[in-house]
Amino acid sequence: MSGGDTGSPKPSVAAYDEAMDALSSLITKRSRADKSNKGDRYDLLFDYVKILDLDESISQMKVIHVAGTKGKGSTCTFTEAILRSCGFRTGLFTSPHLIDVRERFRLDGVDICEEKFLAYFWWCWDRLKACISSRSYEKISEDVPMPTYFRFLALLAFKIFAAEQVDVAILEVGLGGKFDATNVVQRPVVCGISSLGYDHMEILGNTLGAIAGEKAGIFKKGVPAFTVPQPDEAMSVLEEKASQLDVSLQVATPLDSNLLNGHSLGLDGDHQYLNAGLAIALCSTWLQKTGHLEVNYLEQTVEQSSLPEQFVKGLTTAMLQGRAQIVPDKFIDIESPGDLVFYLDGAHSPESMEVCARWFSLAIKEDDKQQSSLNNQAHDDSTASHKMVHGNQFETSSKNSTQILLFNCMSVRDPQLLLPRLMNTCASHGVFFRKALFVPNTSVYYKVGSGPLPPAESVDLSWQLTLQRVWENIICGEKGDAKNSESISDEHKDGTEMRVKSGESSAVFPSLPLAIKWLRDHVRQNQSVRFQVLVTGSLHLVGDVLRLVKK
């Protein structure tokens, strides 16, 4: 198989489900907090590359490799959009996916189609299975297992990008850097390290220095690298690792918004100017190193003089689901779907919680300002037409807003670090949540797919109840009322006979669909209120919500 010709017929739903079942079988049941995960026979990756005959393809691939704690997905998205705007055929590999696994593999800015995905998937799967089962491949040892879930996806990305003959492959590190599956690339064109912070500490270490050391594992001898302004502890480690490998490490300048010629970044939030600056540095260096650059774009940008038209187009048209995304619930059966709006951001570290809270606070104020403007316009028009006063536009725009938090995070993260940062940052902007809803992720750990959400079943809610207690304790501390946390009680049973644990300021639901139903019911019952729901703490939760509310 070569190029884009997979020669496969259009797949059926059953065919796609079969591939998802096979992929699901590669998910290990070990906890990510298991210390034995580190390394995890990393050398096996090179055996898999040999089995799939990808050695030469990977060595010739013109790769941009990006690691980091937060912002690496956004940086990769900006980078891909810029180079696509420059006329190059792009391949982008990111993680995790929100709804469909094909989101991880983007060709020229579009998710790979099912036909191509299945053809490349089974080519890789069948070859690995055959060689490993028969132990017939001369270059591998006798105890080589099938690759784990993420490793298989990374190998599949290399196969797709090689067969599709992309000009540039942009790779987002899955976790860490040193032992990440994407790090089989031995000679990238340029590397990037986005903002570093405390995340995945159960694997990467408990200090910024240790985390920075893992991320710097993508540095390769003599390959230029860029980062963003970092805490001193992290920066000193990055500089030390770079020095050891003769890596030219530079700090990228955050993008000056004036260079966008009056346009806005495609990804919302002030923090994105940091990621955009890193993307500009990566693209400029890639263009120079691959011989496609006559003008030194990077020097022009550093001098804040100009930005090429293609760069501006890429930065302003970049799109990434689940990051600072605003989605009205289009499935609620009311006349004004704008009465229930979801603000989605997959933040899951203390630092990103603050960024998310700032974005949400500013976004809802802007939304309320627009609604107020509509209200005034409708009020003015009413002097000319009494009928307009009673019209739907006036009724919608005159409604008050209330903020709800919909939250979950992985149990390896510390909610006592996450939730206070979120609440305090929102409070500093005058935003206070009326209620916090805690739910388990709907995505089943051992299953991958894009089909319908599974029905609510009897689930262990101990972690969600822990999150609720942390939230209630914060509320108690602010109110100075210890009795508040004791008011949590079994409020009612839903029609599914699934019990909801609820109090004045929070509730635990046994499933996401039940929480969405609760929100929709309250919107119908409170016609004078617009509900603004912040969904955060987990990209998996964000993806689950998108399945339920987005057409």
Side-chain angles (χ1 to χ4, degrees), residues 24 27-37 96 198-203 206 346-350 353 404-423 433 435-448 453-478 482-519 533-545 547-548:
S24 298
I27 298 178
T28 60
K29 301 301 187 290
R30 276 192 304 175
S31 166
R32 291 197 324 173
D34 184 348
K35 295 293 185 182
S36 66
N37 279 355
Y198 293 99
D199 195 19
H200 303 300
M201 294 185 295
E202 75 282 1
I203 297 175
N206 294 316
H348 50 264
S349 71
M353 277 290 136
I404 305 290
L405 175 66
L406 181 57
F407 188 91
N408 191 38
C409 67
M410 294 180 62
S411 59
V412 295
R413 299 197 169 96
D414 186 353
Q416 299 190 71
L417 294 177
L418 300 181
L419 290 173
R421 298 281 275 270
L422 176 68
M423 180 184 288
F433 293 101
K435 195 153 189 165
L437 313 180
F438 300 99
V439 297
N441 287 342
T442 304
S443 302
V444 182
Y445 178 67
Y446 54 84
K447 173 72 178 176
V448 182
L453 294 171
E457 298 174 354
S458 188
V459 292
D460 180 6
L461 295 176
S462 57
W463 176 244
Q464 283 67 41
L465 292 170
T466 296
L467 296 175
Q468 183 187 38
R469 283 193 295 273
V470 172
W471 181 264
E472 292 290 340
N473 286 337
I474 298 171
I475 297 293
C476 292
E478 290 190 347
K483 294 182 180 179
N484 189 54
S485 63
E486 298 173 0
S487 68
I488 305 172
S489 60
D490 286 341
E491 188 176 66
H492 63 275
K493 285 189 178 183
D494 188 84
T496 59
E497 297 300 314
M498 297 297 290
R499 192 168 294 276
V500 178
K501 190 81 168 176
S502 182
E504 179 183 349
S505 58
S506 65
V508 171
F509 290 87
S511 75
L512 176 62
L514 289 179
I516 299 294
K517 180 181 183 300
W518 182 91
L519 286 166
V533 184
L534 174 61
V535 183
T536 191
S538 163
L539 275 168
H540 299 290
L541 175 62
V542 166
D544 292 340
V545 171
R547 292 192 197 197
L548 287 172

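When reading the values below, keep in mind they use all heavy atoms of this one structure, side chains included, and skip hydrogens, waters and symmetry mates. One-based numbering along the sequence shown. Note that this is a predicted model, so its numbers are computed, not measured.
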Peer 1: Which heavy atom of S505 sits nearest a heavy atom of W471, and at what distance?
Peer 2: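 S505 and W471 have their closest heavy atoms at O-NE1, 3.4 Å.
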Peer 1: What are the two closest non-hydrogen atoms of V535 and V545, and how far apart are they?
Peer 2: CG1-CG2, 3.8 Å
Peer 1: Check A347 against T536 and note the closest heavy-atom contact, atom names and distance.
Peer 2: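 In terms of heavy atoms, the two residues are closest at O-OG1, 3.5 Å.
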Peer 1: Yes or no on side-chain contact (heavy atoms from CB on, under 4.5 Å) for L548 and D544, after CA distance, side-chain angles and deciding distance?
Peer 2: CA-CA 7 Å; L548 287 172; D544 292 340; 5.9 Å; no
Peer 1: For the residue pair F438 and Q468, what are the closest heavy atoms and their distance?
Peer 2: CE1-CA, 3.6 Å
Peer 1: Identify the two heavy atoms, one from P510 and one from P440, that lie closest to each other, and give their separation to 0.1 Å.
Peer 2: O-CG, 3.4 Å
Peer 1: Rounded at 0.5 Å granularity, tell me how far CG in L417 sits from CG in L422.
Peer 2: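 So the CG of L417 and the CG of L422 are separated by 13.0 Å.
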Peer 1: Counting distance only, does the side-chain N/O of W463 pair as donor-acceptor with the main-chain N or O of C409 below 3.5 Å?
Peer 2: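 Indeed, once roles are kept as given, a pair shorter than 3.5 Å links the two residues.
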Peer 1: Once you round to the nearest 0.5 Å, how far does CZ of F407 lie from CG of L418?
Peer 2: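 Answer for the CZ-CG pair, F407 versus L418, is 5.0 Å.
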Peer 1: Return the CG to CG distance between L534 and L437, rounded to the nearest 0.5 Å.
Peer 2: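 Between L534 CG and L437 CG, I get 11.0 Å after rounding to 0.5 Å.
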Peer 1: Return the set of residues passing side-chain hydrogen bond (donor to acceptor under 3.5 Å, both in side chains) with S411 (not counting sequence neighbours), or none when no residue passes.
Peer 2: none
Peer 1: Indicate yes or no: at least one non-hydrogen side-chain atom of L405 is less than 4.5 angstrom from one of M423.
Peer 2: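 The answer is no, as the side chains (C-beta and beyond) never meet within the 4.5 Å cut-off.
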Peer 1: Could you tell me the separation between the CE atom of M410 and the CG atom of L539, rounded to the nearest 0.5 Å?
Peer 2: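 It comes to 11.5 Å.
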Peer 1: Kindly compute the distance separating CD (Q464) from OG (S506), expressed to the nearest 0.5 Å.
Peer 2: 12.5 Å
Peer 1: Quick check for you: to the nearest 0.5 Å, what is the distance between D414 atom CG and S349 atom OG?
Peer 2: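 Answer for the CG-OG pair, D414 versus S349, is 12.5 Å.
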Peer 1: Work out which heavy atom in V439 is nearest to a heavy atom in A515; give both atom names and the distance.
Peer 2: CG1-CB, 3.6 Å
Peer 1: Taking the side chain from R413 and the backbone from H348, do they hold a donor-acceptor pair closer than 3.5 Å?
Peer 2: yes
